[in-house]
Amino acid sequence: MDFVEIEKKWNKKWEEDNLYRFDDKNLKDKFYLLEMFSYPSGANLHLGHWWNFGLSDSFGRFKRLQGFNVFQPMGFDAFGLPAENYALKTGIHPEDSTKHNIAVMEKQLRELGATFNWENELVTCESEYYKWTQWLFVQLYKHGLVYQKEAPVNFCPHCNTIIANEQVVNGHCERCESEVLHKNMKQWFFKITDYAERLLEGLDNIDWPEKTKSLQRNWIGKSVGAEVDFYTEDGTKLTVFTSRADTLFGVTFLVIAPENPLTEKLVKEEFKKAVDEYVLQATKKDEIERTSTTTPKTGVFTGTYVINPITGEKVPVFVADYVIATYATGVVMGVGAHDARDFDFAKKYGLEIKRVICDKNGKEQELPYTEYGKLVNSEEFDGLSSEEAKVKIVEKLEKIGKGRYKTNYRLRDWSVARQRYWGCPIPIVYCPHCGIVPVPEKHLPVVLPHVTDYKPEGEGPLGKCEEFINTTCPVCGAKARREADTMDTFVDSSYYMLRYPQSHYCDDEIFSKDYVNQICPVDCYVGGIEHATGHLLYSRFITKFLKDIGKLDFEEPFKRLVHQGMILGSDGKKMSKRNSSKTADDYVYTFGSDALRLHMMFSLKYLDGGIWADDGIKHMKAFMERIERICVKWAKLEGDCDVYGDSEKALEFALNRTIKDYAENFETFSFNVAVARLMELVNAMYKYDAEEKKNVALCKKVMKDLIVLLAPPAPHFAEELWEEIGEKYSVHNQKYPQFDASKVMLDTVEIAVQVNSKIVARIEVGADDSNDQVLQTVKSDEKVSELLNGKTIVKEIVVPKRLVNLIVK
RNA sequence: GCCGAUGUGGCGGAAUGGCAGACGCACGGGACUUAAAAUCCCGAGGAUGAAAGUCCGUGUGGGUUCGACUCCCACCAUCGGCACCA
């Protein structure tokens, strides 16, 4: 069989026949399978693409065999820095290069022979799509979830733009690895923090990898505690947040962040110079230096004292850069005895360290002691446990109006403006009379103009485009200017899964509620774990928002999430041209795409990934030829020989075990085991083939079931073989073979009766057909007592029959 | 420091608490062949033994159990994430 040829042939035919059309009238059995869409980077499809798209396509084909009406759309995340940087490098306009790249990638994706629903293709840089990105912005704005604020932002000097927290990796830009600067700039934010609690709670009800859930929990960073108000002598209030209200009696100083606006107010005249100098220095320090836990703590005294609301004690206030201005109140109470950082700080500046917690047994432990324990030196709270004291102390603070329960989240609001050209324009107009005005829905989209000067220079390049920037106020009609920034591409991708079902079939709204509620949420989402705290969090936020404004009935966009592992080059690093000597095409043109898929499935665990090794791919081709040989041979068998003995039982066992395990392993993306079962079945067929007399009907059945099972991992091969054995087109319309449990119940079960740790009897019990696991009922009670012969049963243990002999002997 | 994952032959990797190493690669042997390739069949964790067999084996040490790769506790190693978040 010429695999390369047949692949061309069938790809063409399937496309002509539109074999995988999604039936939008039959939504009862719909299955929405989605792979994270990609950037049209212009590179050729590489092995990583095959790994991602090819294998999850096989999963989709498997669901089809099971009778699901699979919706598997494909599109492109076409805005954004990669596309733009590529354009800057080549001198070709982003729009042109993007369009070209999409055409190239689309062609290759089609060659992959995947069952994508191309009629729903979606491209985020087309106005047909980004109209709704802007609509979304306006809705968020109208619901008070968008605001503009002068804020310290992450600024990448190389990309010349602000980037989100999620895009900063160890203080460096995730794209170009330049060191990120901190600037104060006017910024647009989405108030994702309003959804922090719901984003946390929602994790409990979705089928996602625990790892990813914990990454998100970590990122959201819920911290339950209390706020406590400290007042200066002249009545300025300093509120601290603490999760350890039980240590309030141990406070010996307060620390305020250098950037906290209150800092300036607090400083006493004679300390001003020192403090100003310190603040200046602190803001100059780079992120790494400042947030490193190993950097020694520094700080200066402000000259101000505050009163501890519960003890009445006077404690000094320091400025120190180990306190973060943007978290909670930006002020921290210093408890040297029970916090490692405060301990270091107190030691360094000779501040008092006051023990207020002993261990659970009341023993004094070495300081700093940061565990929970029992209170001491805390007046009426002495003897309480930390847990009890946290409640009692806050209750008392509430009574005197100087404290309250408070929950904080580490999650920050989402910074969404980018000072770049190649993105979705922010639909905002600045009017001299009306101020900030969102563009009315009926005026959308605000079309991104085709400009030639799109070099990023720290401000939105659109500001230089007069035709774009000058407009009139939608409210009063006065001359006004448009916002020059564009949106973060994560906004584009935060709702695309909801737009896919109607990407071209719904012009007057983002989607029609009734229809999308039937198709969404996504039943299975496949993509890399690197988006755990970015795209996957944003999408959840936006979906919750759309539910809140009545557009959806559900609030989690992805029911099930699966992360493929990464496929690595021989050096153990991420695949690149340098470490992979061969491209996907090399394999496709030598062995065929089916052999490539099968090999990828079999040779590594899909969820773990690993180092790509191509030895073995030629054997995969040989394996396919081995299948072809026996199928061609068995297809020619004639007559009605119906022998039925142990050999036939063994073959039936192999078939049914494969049918069962294959499905189970496909379901969990354990493709390596699924393919192994196919190999076992083929081995069993060869073994049976050695029989003089063969049960012809059984042979034909096994052969046909095998070919059907081959359809997901080797679609072209299975189709060709199906035709070769004289079956009707198409194998892809077949049903998943029926599993017959009775054929694999070779093990009956015995109960071994144990007396004084010796097994004295074993009783055979009947197999229960309705349950293919093992526990059954005892057939005869008399038999038990007979065997026991008056002894007392200490214990009965259920073991598979094949093991009883081993235990007894 | 905190959180999470992983640890099984030369390699990729299997095992609802029940014969550890399925399936495959690499390896060895046989059949076919003048020969090679291809194909088909067989072998293979380690130690010991002529062999049947016996002993040891799933990172380490304990525990639960008739029985542990699997469950529990402690530890070691590797990888990933977060990290002065009060």
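Worth saying up front: this structure is predicted, and the values here are computed from it rather than measured. Each chain gets a letter, A, B and so on, in the order the sequences are listed, and its residues count up from 1.
Between the CZ atom of A:R412 and the P atom of B:rA83 there is a distance of 10 Å, given to the nearest Å. When rounded to the nearest whole Å, the span between CG of A:N672 and P of B:rC23 equals 14 Å. If you take OH of A:Y662 and P of B:rA22, they are 21 Å apart, rounded to a whole angstrom. Rounded to an integer number of Å, the gap from CD1 of A:I324 to P of B:rC82 is 15 Å. As a whole-Å value, the separation of A:I529 CD1 from B:rA5 C1' is 9 Å. Rounded to an integer number of Å, the gap from A:I627 CD1 to B:rU39 P is 14 Å.
Ring-centre distance between A:W219 and A:Y538: not below the 6.0 Å cut-off. Aromatic rings from A:Y606 and A:W51 are positioned such that their centres are separated by under 6.0 Å. Taking the six-membered ring for Trp and the full ring otherwise, A:F345 and A:F253 have centroids separated by under 6.0 Å. Side-chain rings of A:H599 and A:W50 stay apart, their centers remaining 6.0 Å or farther from each other. Taking the six-membered ring for Trp and the full ring otherwise, the centers of A:F666 and A:F671 sit less than 6.0 Å from each other.
Rounded to a whole angstrom, the distance from the P atom of B:rU8 to that of B:rA15 is 15 Å. One P atom belongs to B:rG57, the other to B:rG67, and the distance between them is 16 Å to the nearest Å. A gap of 10 Å separates the P atoms of B:rG7 and B:rG13, to the nearest Å. Using atom P as the reference point in both B:rG59 and B:rU48, the two lie 24 Å apart (nearest Å). Spacing of C1' atoms, B:rU65 relative to B:rC73, comes out at 16 Å, to the nearest Å. Taking atom P on both B:rG9 and B:rA14, the two are 14 Å apart, rounded to the nearest angstrom. A gap of 35 Å separates the C1' atoms of B:rC72 and B:rG24, to the nearest Å. Across B:rA35 and B:rA26, the matching C1' atoms stand 25 Å from one another, rounded to whole Å.
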**Prompt:** Given A:D339 and A:R244, is the salt bridge (Lys or Arg N to Asp or Glu O under 4.0 Å) satisfied, shown in steps?
**Reply:** CA-CA 10 Å; A:D339 182 283; A:R244 292 297 302 270; over 6 Å; no
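Pair assignment for B:rA35: none, as no Watson-Crick or G-U wobble contacts are both less than 3.5 Å. When both pairing distances are held under 3.5 Å, B:rU65 makes no Watson-Crick or G-U pair with any nucleotide shown. Across all strands shown, B:rG1 pairs with B:rC82; the Watson-Crick or G-U wobble distances both stay below 3.5 Å. In this structure, B:rG7 forms a base pair with B:rC76, meeting either the Watson-Crick or the G-U wobble geometry with both donor-acceptor distances under 3.5 Å. Using the Watson-Crick or G-U wobble rule with both distances under 3.5 Å, B:rG43 pairs with B:rC27.
For A:K211, no side-chain nitrogen or oxygen approaches OP1 or OP2 of B:rC3 to under 4.0 Å. Of the side-chain N and O atoms in A:N408, none sit less than 4.0 angstrom from OP1 or OP2 of B:rA86. Applying the 4.0 Å criterion to OP1 and OP2 of B:rA26, one finds that A:H619 has a side-chain N or O inside that range.
Within a 6.0 Å sphere centred on CE of A:M566, heavy atoms belonging to other residues, nucleotides or ligands number 12 at most. Within a 6.0 Å radius of NZ in A:K687, no more than 12 heavy atoms belonging to other residues, nucleotides or ligands are found.
Proximity of A:Y688 to A:C699: side-chain heavy atoms (C-beta onward) are separated by under 4.5 Å at one or more points. The shortest distance between side-chain heavy atoms of A:I567 and A:M600 falls below 4.5 Å.
A:V682 approaches A:I627 most closely through the heavy-atom pair CG2-CG1, 3.7 Å.
At a threshold of 4.0 angstrom between heavy atoms, the contacts of A:A622 are confined to the sugar-phosphate backbone, with no base atom among them.
Of the two residues near RNA chain B, A:R244 and A:G609, the one whose nearest nucleotide lies more 5' is A:G609. Nearest-nucleotide assignment on RNA chain B puts the 5′-proximal partner with A:S214, out of A:Y409 and A:S214.
Only A:Y327, A:V332, listed by number, bring a heavy atom of residues 327-336 of chain A to less than 4.0 angstrom from any atom of RNA chain B.
Nucleotide B:rG9 is shown with a syn base, its glycosidic torsion being within 90° of 0.
Checking B:rC23, B:rA86, B:rC3 against every side-chain atom of A:S243, the shortest atom distance belongs to B:rA86. Side chain of A:K605, nearest nucleotide from B:rA86, B:rC23, B:rG13: B:rG13.
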If you restrict it to nitrogen or oxygen atoms, what contacts under 3.5 Å exist between nucleotides 40-42 of chain B and the protein, and what is each distance?
residue, atom, partner, partner atom, Å
B:rC40, OP1, A:R626, NH1, 2.8
B:rC40, OP1, A:R629, NH2, 3.1

